[in-house]
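The structure under discussion appears below in the form of structure tokens.
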Amino acid sequence: MQKAYLHLIKWALSKDYSVEIECEGETDYSGQSYNEAKNAVEAVESGVIYLKQGGEYVAWFSFVFDYNQSPDEIINDWGINQITEQWSKEYYGWQVENAS
């Protein structure tokens, strides 16, 4: 399975969202470059990936890198709205719909 944070960045950019990476209250990256967003996420231990559209924040995803963590656990929390539900459905597939 592809790493969740990489899937999220690619998915967001394919939907024409801008990506903003924040760590400890500081913006480390903001824009539409996959490589720059990926590098900003991988340069820190934890933070937030915000999705923006028209300059407005439309979704957020918390991430954390921890020892011996499986790739899909790196995205460890997100706000609930149509955008986040669409991403989680596309990433996790049937697992989200059939979770008990």
Side-chain angles (χ1 to χ4, degrees):
M1 179 177 259
Q2 182 181 22
K3 295 178 181 179
Y5 71 99
L6 297 177
H7 181 274
L8 172 59
I9 294 168
K10 285 180 185 175
W11 180 87
L13 296 175
S14 77
K15 304 288 185 199
D16 207 30
Y17 294 111
S18 292
V19 178
E20 183 172 296
I21 311 302
E22 180 184 286
C23 177
E24 297 181 10
E26 298 289 326
T27 300
D28 291 340
Y29 173 73
S30 184
Q32 292 187 306
S33 167
Y34 172 78
N35 287 331
E36 290 184 47
K38 173 187 175 293
N39 291 341
V41 169
E42 292 176 346
V44 297
E45 292 181 8
S46 65
V48 181
I49 299 172
Y50 291 103
L51 305 187
K52 295 171 69 176
Q53 189 169 52
E56 300 289 323
Y57 295 98
V58 295
W60 64 270
F61 299 81
S62 176
F63 67 90
V64 62
F65 291 95
D66 207 359
Y67 175 75
N68 206 23
Q69 191 173 13
S70 70
D72 61 330
E73 294 174 342
I74 292 169
I75 299 292
N76 64 348
D77 194 13
W78 54 84
I80 303 297
N81 67 25
Q82 252 184 340
I83 297 165
T84 59
E85 288 179 357
Q86 184 182 6
W87 172 78
S88 64
K89 183 177 181 179
E90 289 186 33
Y91 181 70
Y92 293 104
W94 64 270
Q95 295 173 1
V96 170
E97 295 175 356
N98 297 326
S100 43

**Study point:** Minimum-distance pair of heavy atoms, taken over all atoms of L13 and G31
**Key:** CD2-O, 4.3 Å

Check your understanding: When rounded to the nearest 0.5 angstrom, what distance separates OG in S18 from CG in L51?
Key -> 9.5 Å

**Study point:** Side-chain (N81) to main-chain (A59) donor-acceptor, under 3.5 angstrom
**Key:** no

Practice item. Rounded to the nearest 0.5 Å, what's the gap from OH on Y92 to NE2 on H7? Could you check? Key: 10.0 Å

Check your understanding: Can you check side chain to side chain contact (heavy atoms under 4.5 Å, CB included) on L6 and Y34, steps first, answer last?
Key -> CA-CA 9 Å; L6 297 177; Y34 172 78; 3.3 Å; yes

Point to revise | Minimum heavy-atom distance S46-C23, with the two atoms named | key: O-SG, 3.3 Å

Exercise for review: Output yes when a side-chain donor or acceptor of Q32 lies under 3.5 Å from a complementary backbone atom of Y17, and no otherwise.
Suggested key: yes

Review point. What's the verdict on side chain to side chain contact (heavy atoms under 4.5 Å, CB included) for I83 and W78, showing C-alpha distance, side-chain angles and the deciding distance?
Key: CA-CA 10 Å; I83 297 165; W78 54 84; over 6 Å; no

Exercise for review: Check the surroundings of atom CD in E45: do more than 12 heavy atoms from other residues, nucleotides or ligands lie under 6.0 Å from it?
Suggested key: no

**Study point:** Result of checking Y57, W60, F61, F63 against Y50 for ring-ring contact (aromatic ring centres under 6.0 Å, His included)
**Key:** Y57

Exercise for review: Identify whether V48 and I80 are in the same connected component of the hydrophobic contact network (ILVMFWY, side-chain heavy atoms under 4.5 Å).
Suggested key: no

Check your understanding: Which atoms form the tightest heavy-atom contact between K52 and G55, and what is the distance?
Key -> CE-O, 3.8 Å

Point to revise | Point-to-point distance, once rounded to the nearest 0.5 Å, from NZ of K10 to OH of Y91 | key: 11.5 Å

Check your understanding: Nearest 0.5 Å, what's the CD1-CD distance between I49 and E22?
Key -> 11.5 Å

Study note, to complete from the structure: CD1 of I9 to OH of Y29, rounded to nearest 0.5 Å, is 9.5 Å

Practice item. Indicate the ring-plane relationship of F65 and Y5, choosing parallel, tilted or perpendicular according to the 30° and 60° boundaries. Key: perpendicular

Review point. Do the side chain of S62 and the main chain of D77 share a donor and acceptor less than 3.5 angstrom apart?
Key: no

Review point. Roughly how far apart are E90 CD and K15 NZ, rounded to 0.5 Å?
Key: 4.5 Å

